Amino acid sequence: MKHSPETHSFFEDVFEVVRLIPKGRVTSYGAIAKYLGSKGSSRMVGWAMNAAHSQMPPVPAQRVVNRNGLLTGKHHFESPTAMQELLEAEGVKVVKEQVQDFKKVFWDPSEELL
DNA sequence: TTCCTGACTCCAG
DNA sequence: CCTGGAGCCAGGA
């Protein structure tokens, strides 16, 4: 980032929204991107998650999955099972990288966060 | 500087 | 049902 001060805000906003996800709930990259006004930038949300691990306070990146409730980002955690274990510890059931009852635990910032 | 990649999603065929 | 292409944009080579 050479001349984009707004980029910093985008990443910061992503972290902030992710930290607002209630325990036991999950959301999607696209939902966050949409809430932040960059509808087509769902990939950037995932990109931001790459830096999430070093953020303070910690960012619960395990609560962000893709639009199908699939744990596509699990390989970016310390271990391949870390993401699933973290979610299950919060009450979210996961079977084979797929969040169960995804529709019920889904948390949309555009609707819930006003 | 250009080119390529990626924790995504939508739409067409 | 499955596959491919386009849009998106920050960073590294």
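Per chain, numbering begins at 1; letters A, B, ... match sequence-line order. Model, not experiment: these values are computed from the prediction.
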Quiz item: Which comes earlier along DNA chain B counting from the 5' end, the contact point of A/Asn68 or that of A/Trp47, where each point is its nearest nucleotide?
Solution: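 Nearest-nucleotide comparison on DNA chain B picks A/Trp47.
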Quiz item: Touch check for A/Ser28, heavy atoms < 4.0 angstrom, all strands: base, sugar-phosphate only, or nothing?
Solution: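 Since only primed, P, OP1 and OP2 atoms lie under 4.0 Å of A/Ser28, the category is sugar-phosphate.
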Quiz item: How is A/Ala61 classified with respect to the nucleic acid when contacts are heavy atoms under 4.0 Å: base, sugar-phosphate, or nothing?
Solution: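 Here A/Ala61 touches the bases of the nucleic acid.
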Quiz item: A/Glu85: what forms a side chain to side chain donor-acceptor pair (under 3.5 Å) with it, not counting sequence neighbours?
Solution: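 Per chain and number, A/Glu85 pairs via side chain to side chain donor-acceptor pair (under 3.5 Å) with A/Thr81.
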Quiz item: Which of these, A/Val99, A/Val26, A/Asn66, sits in a side chain to side chain contact (heavy atoms under 4.5 Å, CB included) with A/Leu71?
Solution: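 Answer after filtering A/Val99, A/Val26, A/Asn66: A/Val99.
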To the nearest Å, how far apart are [X] [atom1] and [N] [atom2]?
{"X": "A/Arg67", "N": "B/dC10", "atom1": "CZ", "atom2": "C1'", "answer": "8 Å"}
{"X": "A/Tyr35", "N": "B/dT9", "atom1": "OH", "atom2": "C1'", "answer": "21 Å"}
{"X": "A/Tyr29", "N": "B/dC10", "atom1": "OH", "atom2": "P", "answer": "14 Å"}
{"X": "A/Lys39", "N": "C/dC8", "atom1": "NZ", "atom2": "P", "answer": "11 Å"}
{"X": "A/Asn66", "N": "B/dC10", "atom1": "CG", "atom2": "P", "answer": "10 Å"}
{"X": "A/Leu36", "N": "C/dC9", "atom1": "CG", "atom2": "P", "answer": "13 Å"}
{"X": "A/Gln62", "N": "B/dA7", "atom1": "CD", "atom2": "P", "answer": "18 Å"}
{"X": "A/Leu70", "N": "B/dA7", "atom1": "CG", "atom2": "P", "answer": "13 Å"}

Quiz item: Quick check: are there more than 12 heavy atoms from other residues, nucleotides or ligands sitting under 6.0 Å from CD of A/Gln98?
Solution: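 Yes - once you tally the heavy atoms of other residues, nucleotides and ligands closer than 6.0 Å, there are more than 12.
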Quiz prompt | Test log, rule side-chain contact (heavy atoms from CB on, under 4.5 Å), inputs A/Glu12 and A/Gln55 | solution = CA-CA 10 Å; A/Glu12 288 294 311; A/Gln55 292 303 306; 4.2 Å; yes
Quiz prompt | Integer angstrom distance from the C1' of B/dA7 to that of C/dT3 | solution =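 Between the two C1' atoms, the distance is 22 Å.
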Tabulated below should be each protein N or O lying under 3.5 Å from an N or O of nucleotides 2-7 of chain C; please produce it.
| unit_1 | atom_1 | unit_2 | atom_2 | d |
| --- | --- | --- | --- | --- |
| C/dG7 | O6 | A/Arg43 | NH1 | 2.9 |

